[in-house]
Number of protein chains: 2
Amino acid sequence: MVDEAAEGMRTGAMTLTDVARAAGVGESTASRVLRGHGSFSEKTRESVLSAARSLGYVPNRIAGTLASTGSKLVGIVIPSLSNIVFPDVLRGANTVLVGAGFQPVVAVTDYDQGREESLIESLLSWRPAGMMVAGLEHTERTGAMLRQARIRVAELLDTDGEGIDIVVGFSNREAGRTSGRHLVSRGYRQIGYVGHDLSRDLRAAKRFAGFRSALEEAGLKVAAQEIIPASSSIEAGRDGLARLLERGTNLDAVYFSNDDMAIGGYFHCLARGIAIPGQMAIFGFNGLDVARSAPQPLSTILTPRVAVGENGARLVCSEGPPARIDLGFELIEGATT
Amino acid sequence: MVDEAAEGMRTGAMTLTDVARAAGVGESTASRVLRGHGSFSEKTRESVLSAARSLGYVPNRIAGTLASTGSKLVGIVIPSLSNIVFPDVLRGANTVLVGAGFQPVVAVTDYDQGREESLIESLLSWRPAGMMVAGLEHTERTGAMLRQARIRVAELLDTDGEGIDIVVGFSNREAGRTSGRHLVSRGYRQIGYVGHDLSRDLRAAKRFAGFRSALEEAGLKVAAQEIIPASSSIEAGRDGLARLLERGTNLDAVYFSNDDMAIGGYFHCLARGIAIPGQMAIFGFNGLDVARSAPQPLSTILTPRVAVGENGARLVCSEGPPARIDLGFELIEGATT
DNA sequence: ATGAAAGCGCTAACAA
DNA sequence: TTGTTAGCGCTTTCAT
């Protein structure tokens with residue numbers, strides 16, 4: 001048992017009780033002052049604040065959250081950190097969240113719905129005020145947990161399907177379709193596709209489906225395709241195009257599953273001296289900086305990633321009915337088509 | 001007042017009390033079963049588990065953390081999410097953290113020490129088990145808070161200076177020096193520099209300092225330099241080199257503050273038909289994928305970003321004395337020097 | 001193997 | 001304006 005005198009040297013952190021005692025006020029008064037809530041005299045305010053400062057008091061939000069109603073945590077679930085797309089969304093969300101006094105807690109699923117399920121279960125145990133998740137496709141149990149949590153849930157980056165509560169994004173299917181129509185309208189007829197693992201990246205699969213439907217509308221089909229069984233990367237795009245071309249199919253354009261892949265293809269053409277778009281046109285998806293700053297700006301679809309994060313966060317922090325925001329996308333006619 | 005019957009329809013989440021009651025056992029027994037701690041019969045185990053499942057029970061970690069000692073949260077403080085470098089570190093940290101049952105809580109400082117201070121203060125209020133912070137330079141108060149928190153603190157990505165507890169990274173100063181020596185040894189003599197806002201990015205400033213000292217060793221100095229007063233980006237590198245060249249200084253090589261900047265410079269040369277490295281050599285920093293996959297792989301310094309995150313996380317999750325791990329870096333002799 | 005009871009540090013009525 | 005008093009939902013002795 002420690003006596004009063006020894007308490008000052010405790011190894012543990014200072015508590016509100018310590019501050020109240022040092023300031024010579026009650027706990028609740030100290031609490032009110034520290035949160036600027038309720039009323040108190042200027043005199044007590046100063047003594048509490050100075051006591052807190054001199055004791056190096058750091059409030060314990062764990063206790064605060066338990067005692068009050070909701071936490072100020074927001075769970076953010078994304079499939080990857082390797083592709084700058086998700087840090088972009090996170091960045092947008094972070095800005096708004098921090099501005100509203102929330103803390104993001106992130107989880108990375110690695111495009112695995114099973115992992116997503118257990119990560120979300122784990123996040124939910126922190127009783128977050130809200131949850132932001134990439135995509136609309138989840139396991140049944142994930143959906144059930146999210147619905148039963150009775151918190152705001154935002155599903156991001158896709159509008160092709162039903163959402164739980166808040167949906168903020170754009171149609172990947174339409175993006176693919178727009179890409180296909182663009183290539184067709186430019187007169188390309190021998191069109192290939194280079195993609196990455198679509199069984200996991202469902203949004204890329206939707207784009208490809210939309211793309212194919214656009215070609216079909218024009219009586220065309222994908223002349224040749226190469227799927228790299230890995231996540232997207234510049235290298236995968238480079239290798240993918242190399243393999244596609246090795247097969248000897250005559251192509252005048254290639255649609256890539258995203259800009260990373262497309263930049264890889266672009267680099268391959270530069271390295272091999274393949275004229276772009278004369279010998280080969282290239283089309284990507286996302287409108288990354290690297291794609292837009294290339295010597296020949298890549299033709300691609302610019303996606304509002306940061307805005308998706310911002311809007312999702314804004315809605316998650318607010319009350320209201322379920323919402324659906326389609327932020328759209330923008331076709332960028334670069335120099336590669 | 002709600003009666004027993006109505007309790008089942010409460011809007012709030014299920015609690016351990018509900019589970020215990022449904023299973024016909026005491027709270028502590030239910031708690032033991034759910035955490036697989038302590039002893040209980042197979043029979044109780046099953047009834048508790050099935051009660052939890054049928055009630056859709058999600059444990060409340062907030063309460064659990066308050067009741068027990070430490071939380072399973074780890075704060076991660078990085079300057080930016082725009083540069084893939086930090087998501088890379090985060091990725092490494094996340095993998096290890098999740099494997100050890102921890103949840104990362106991230107904060108982004110935007111290279112602002114004041115913001116860093118308030119973000120860290122806020123993170124600390126969640127009573128994290130540990131803290132991972134980019135860099136060694138903080139405000140005095142930040143240092144004090146971190147020290148007084150009595151938790152493990154890992155400072156990442158830099159070893160040029162004193163750390164608080166755990167330091168995992170490499171010497172930016174040495175990296176700059178190595179870069180300088182490399183250019184000198186290749187015979188370049190008219191060497192320029194294109195950088196971004198160094199007053200905020202202290203590690204980039206250290207690299208530049210090391211770089212200059214290497215040139216001085218060879219009796220050289222930076223022939224011309226261009227600092228873009230913004231954060232690093234491909235576009236900034238492109239514009240920076242363009243401006244540097246407009247000034248008419250005769251240069252045979254340019255050192256960039258990082259790979260994003262260097263890729264921008266590389267693109268500028270491609271666009272202008274400037275032969276690399278014949279007319280102009282380019283050197284970067286980080287060894288990003290885009291730099292390594294370019295038609296002419298960029299000469300650069302490869303940094304162990306993911307490993308920094310992994311090692312930092314590993315140490316933060318462990319007990320032990322202060323530690324210092326220098327993971328080093330690797331000079332990549334690409335095709336641009 | 002199990003339950004009762006005492007907190008963890010704070011917030012939120014409710015009195016005073 | 002201020003203090004007292006209950007909890008928030010869980011973990012953890014300590015009996016039983």
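Just so you know, these numbers use all the heavy atoms, side chains as well, and skip hydrogens, waters and symmetry mates. Below, chain A is the first sequence line, B the second, and so on; all start at residue 1.
For the pair B:Leu34 CG and C:dA1 C1', the computed distance is 17 Å after rounding to whole Å. Atoms CZ (B:Phe40) and P (D:dT11) sit 13 Å apart, rounded to a whole Å. Separating the CG atom of B:Leu16 from the C1' atom of D:dC10 is a distance of 7 Å, rounded to the nearest angstrom. C:dC10 atom P lies 12 Å from atom CG of A:Leu66, rounded to whole Å. Residue B:Glu27 contributes atom CD, which lies 8 Å from atom P of D:dC10 at whole-angstrom precision. Atoms CG (B:Asn60) and P (D:dG9) sit 7 Å apart, rounded to a whole Å. Summarising the geometry, the separation between NZ on B:Lys72 and P on D:dC10 is reported as 18 Å, rounded to the nearest angstrom. Counting to the nearest Å, the C1' atom of D:dT13 and the NE2 atom of B:His37 are 13 Å from each other.
The residue among B:Arg32 and B:Tyr57 whose nearest nucleotide of DNA chain D is located toward the 5' end is B:Tyr57. When each of B:Thr44 and B:Ala67 is assigned the nucleotide of DNA chain C with its nearest heavy atom, B:Thr44 is the one assigned upstream, toward the 5' end.
Among the atoms of the strands shown, base atoms are found under 4.0 Å from some heavy atom of A:Ser39. Backbone-only contact: B:Ser41 has heavy atoms under 4.0 Å from sugar-phosphate atoms and none from a base.
A salt bridge between A:Asp158 and A:Arg203 is absent, with no side-chain N of the basic residue lying under 4.0 Å from a carboxylate O of the acidic one. By the 4.0 Å N-to-carboxylate-O rule, B:Arg21 lies too far from B:Glu27 to be salt-bridged with it. The residues A:Glu121 and A:Arg141 are annotated as salt-bridged, a charged nitrogen and a carboxylate oxygen being separated by less than 4.0 angstrom.
Among the nucleotides D:dG9, C:dG3, D:dT1, the one closest to any side-chain atom of B:Thr29 is C:dG3. Here D:dT12 is the nucleotide among C:dG9, D:dT12, D:dT2 with the atom lying nearest to any side-chain atom of B:Ser31.
Remark: B:Thr17 is not in phosphate contact with D:dC10, judged by side-chain N or O atoms under 4.0 Å from OP1 or OP2. At least one side-chain nitrogen or oxygen of B:Arg35 sits closer than 4.0 Å to the OP1 or OP2 atom of D:dT12.
A:Glu310 and A:Thr95 share no donor-acceptor pair across their side chains, judged by distance under 3.5 Å alone. When only modelled atom types and interatomic distance are considered, A:His138 and A:Glu116 share a side-chain donor-acceptor pair under 3.5 Å.
Evaluation of atom-type donor-acceptor distances gives a pair under 3.5 Å for the side chain of B:Ser28 against the base of C:dG3. For B:Arg127 against C:dG9, no side-chain N or O and base N or O form a donor-acceptor pair under 3.5 Å.
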